[in-house]
Amino acid sequence: MGFKGGTKFRTSHRGTAAYQLGGVMMGPSLLARHKSFTSLVFPFTSDFVLENLGRMGLTLFLFVVGVKMDLGLLKRSGKKHLYIALASVFGPLLIVSIVAVLTRESMDEELARVSSIGEIALSFSVTTFPVHYTILEELNLLCSEVGNMALSIALISDAIGINFMVVFEAMKQGDGSAQSIIWYSISCVVMAAFTPVIRRAMVWIIEQTQEGEAVDQFYVIAILLGSFVAAFVTDMFGLGIANGSFWLGLMMPDGRPLGSTLVQKSETIITEVFMPCSFVFMGLYTDFYAMKEAGWSALRPLFGLVISGYLSKFFCTMLAAKVVGVSWRDSLAISLILSLRGYVELVLYVHWVDRNVIGLPGYSLMILGTIVVVGILTPLISILYDPSKPYMLKQRRTIQHTTQGDHLRILVCIRGKTNLPSLINLLQLFHPTVQNPFSLHAFYLVELIGPANPVFVEHQNQELEDLSGRFPDLEIIHHALKQYQEGREECVELHLFSAATVKPTMYQDVCKLALISKAVFIILPLEKKLDGEMETTEQWGGESGSIVTQILDNAPCSVGLLVEKAERWQLPQIASYNFIVLFLGGPDSREALAFSDRMSGNPCVSLTVVRFLASNAEGDDEMQRKLDDGVVTSFWVKNEANERVNYREVVIRNGADTTSAIVGMAAEKYYHMWIVGRKQGINPSLLEGLSTWSDHKEYMGILGDYLSFSESVNSDSVLVVQKQVLTGKGPNFFTPPGSI
């Protein structure tokens, strides 16, 4: 079972631990021991209210978990994942069972039952997919190699675990009478028989919804209430309250609009209301003083099962991963991830108390073990595995270091059809030729909302209709890019990719594709709203464009931020397009000049290069100054005879002179595109005094921000360029105070 979604709804693993600790502190282990606190916070009827709110939260949580799980991912798991999953499930299951047999004589009557031992052994053997999805998402490992492997192992483990859980639950029913196990089996068959009927009803609801519109509110409320009905029915049949809502969630069809609407409508009330009540309810069950009263002799058998469960899970997973060829570091990271426990396991512990598998002392011991393991392993995983490390290279991947005649490999990132005009306009002016071809890798990125499993697709000779629900603008994007390629087949290679993932790990997909495709330049389109603000929050996430910043920090090649100012759907039909490069010195400016040099061969492009020099040269970085001189000289020698290329130098004293010169250039001529380096200047005086009012300097740079938002600079677009940052090398040029 794989997750079908990654919306805002998720119970953060650190959030789970915090809620859990808060619940324990409010319980009889600490605050609830004082009668004054109990009478004030938990009056006579509070236990009943909290318990029912907690169970409602559990029901809705497991329903949404079911909505966001994709059984089809089982078919796409590799043999390596299967072998590790089998070893990580059956190894601990066998070891914990052996320990249980050896200590069975000292167990109490309920714990000594075969069904009870089987359930406890299975809980340490099985890795629950929902828990580990949220862990990997929070640690930004969801799209990493270790994350992908851990998810595949978890979903296989979950599939095995569900079947075993049904068997052990049947054995538990059989402890009462033969009639109970027969009734349990009939109930399972009846529930399975209703699955196609409910599935068809969900499809009918989707058919009643107009394309592009949200599902009717009546259907959403009916389905959410149906999750409570399903939980009641399964609990009445002896299948457990948790199974009904979870199975109903699994019946939801993939794709928009039903699953995404259900998750969005329920996420706030689940996260903000029901989940805290669930954890307080669990905390009220936890009583560490009950452990003391029970004594070591009573808890020793269960403690042996807990220790053997955690250790066997860790070592079996790590050794199995190493045997199939995974490195020691990655094997250790995978074993740590799969050893963690979360909300699903806590719910299972409560279920054991209700079914008399364990008592309150044993439940408190299990909670204590979970808190300790999560507190130790989570920071270890963050220290051990850095998801950005594989993307940083030691060799150059820049336009400046790509020789003439080689394929110029460009990765274009697209968040929707609104990005197409600026990107197509730029590509049309790039002027590829047979002598100077380029490979275009177009990457369509969609945020996961509701039922859509994380997926990466290459669309070479593949039908697009089947993916339209998951990638709504795919056909439009594909058609526009194919239309651009027409007539340029000999000099333009087109590769279309798409990915659906969550925003926190979206940068990893971009960097991974850039690494695989050997791209030398990534283009990220940024749009402006009608009020003049940037669309980075809606498109790329975070108030300061967090995905953009992550790409800039981790990209294995150079990056260009393309800001569309004129909102043109196509280029104006004119004889010449005026481009201007503002060269303030440093690696980013040199890469911006190399980019514009590629466009200077286009007979429809007129290029102006303006080099800014400080009047006080004492503040210059001499090494960067020499490198700048060499690049500028080489550029001018190459283009001196080109009448469409102009070069001039401007001497300035401070940032005010810089902006005055820019405003004068904008008034003198209309430039369709302004090109500038992100980290500007080899001398602090070039931008002195400009950093205080720059709102988007974290990712746009000071001058890029000014050009994009200044009303005095009219243009179609602005391109902000950052040169590739090599592994272990920070910026080797002066950065003005307050800039990035």
Side-chain angles (χ1 to χ4, degrees), residues 209-213 254-257 260 407-434 437-449 452 455-501 506 509-510 513-514 516-517 519 521-528 535 538-540 560 562-564 566-573 577 599 602 604 672-673 716-717 719:
T209 305
Q210 296 294 328
E211 185 175 354
E213 295 183 1
D254 291 348
R256 300 169 186 248
S260 59
H407 271 80
L408 188 64
R409 302 180 182 274
I410 299 177
L411 174 60
V412 177
C413 297
I414 305 171
R415 286 302 313 275
K417 59 185 178 183
T418 55
N419 297 149
L420 288 174
S422 58
L423 291 172
I424 297 297
N425 293 344
L426 178 62
L427 294 173
Q428 286 177 345
L429 296 174
F430 216 91
H431 193 56
T433 63
V434 176
F438 73 79
S439 296
L440 177 63
H441 295 77
F443 195 17
Y444 177 31
L445 291 152
V446 175
E447 182 187 7
L448 279 173
I449 298 178
V455 65
F456 181 94
V457 182
E458 181 178 1
H459 301 286
Q460 295 301 109
N461 301 319
Q462 184 175 350
E463 295 294 332
L464 305 179
E465 289 78 4
D466 295 339
L467 298 171
S468 59
R470 187 167 295 172
F471 302 100
D473 295 336
L474 183 59
E475 292 189 26
I476 297 174
I477 293 171
H478 182 261
H479 176 73
L481 293 172
K482 280 293 185 181
Q483 192 173 28
Y484 162 73
Q485 190 189 27
E486 288 181 4
R488 301 183 177 93
E489 289 83 357
E490 294 183 356
C491 54
V492 176
E493 291 182 2
L494 178 61
H495 306 274
L496 178 60
F497 302 84
S498 59
T501 186
M506 198 172 282
D509 287 302
V510 174
L513 182 56
I516 295 173
S517 63
F521 199 75
I522 299 173
I523 300 178
L524 298 177
L526 306 179
E527 295 181 24
K528 292 178 64 178
E535 287 275 16
E538 290 80 0
Q539 282 195 322
W540 300 102
L562 179 62
V563 181
E564 181 69 14
E567 299 183 359
R568 297 185 188 274
W569 281 95
Q570 61 182 10
L571 286 171
Q573 299 300 316
Y577 302 94
M599 306 180 75
N602 190 336
C604 297
H672 297 87
M673 176 179 285
D716 286 6
S717 56
L719 183 67

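Heavy-atom basis, side chains included; hydrogens, waters and symmetry copies ignored.
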Do [X] and [Y] come within less than 4.5 Å of each other through their side chains, counting heavy atoms only?
X: F443; Y: I522; value: no
X: C413; Y: L445; value: yes
X: Y484; Y: V492; value: yes
X: M673; Y: L426; value: yes

Checklist line | Nearest-0.5 Å distance that lies between atom OG in S498 and atom NE2 in H478 | finding: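 Going from OG on S498 over to NE2 on H478, the span is 11.0 Å.
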Margin query: Nearest 0.5 angstrom please: L562 CG to L526 CG, how far?
Written below: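 CG of L526 is found 7.5 Å from CG of L562.
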Item checked: Of K482, E475, Q483, the residue whose pairing with H479 passes side chain to side chain contact (heavy atoms under 4.5 Å, CB included) ->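 That would be Q483.
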Margin query: If we ignore hydrogens and angles and just use 3.5 Å, is the side chain of N419 paired with the main-chain N or O of I414 as donor and acceptor?
Written below: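 No, because the side chain of N419 does not come within donor-acceptor range (under 3.5 Å) of the backbone of I414.
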Check: Considering residues at least two apart in sequence or located in another chain, which fulfil the side-chain contact (heavy atoms from CB on, under 4.5 Å) criterion with I476?
Finding: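 side-chain contact (heavy atoms from CB on, under 4.5 Å) check on I476 returns K417, L420.
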Residue pair [X] / [Y]: nearest heavy atoms and the distance that separates them:
X: L408; Y: F438; value: O-CB, 2.7 Å
X: S422; Y: P525; value: OG-CB, 4.5 Å
X: E493; Y: H407; value: OE2-NE2, 3.5 Å
X: L481; Y: I424; value: CD2-CD1, 4.0 Å
X: R409; Y: S517; value: CD-O, 3.2 Å

Margin query: Tell me whether the rings of F497 and H441 are parallel (<30°), tilted (30 to 60°) or perpendicular (>60°).
Written below: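 The arrangement is parallel - the two ring planes meet at less than 30°.
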Next item on the list: May I ask you to check whether over 12 heavy atoms, not counting those of E490, lie within 6.0 Å of atom CD?
Entry: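 At most 12 heavy atoms, drawn from other residues, nucleotides or ligands, come within 6.0 Å of this atom.
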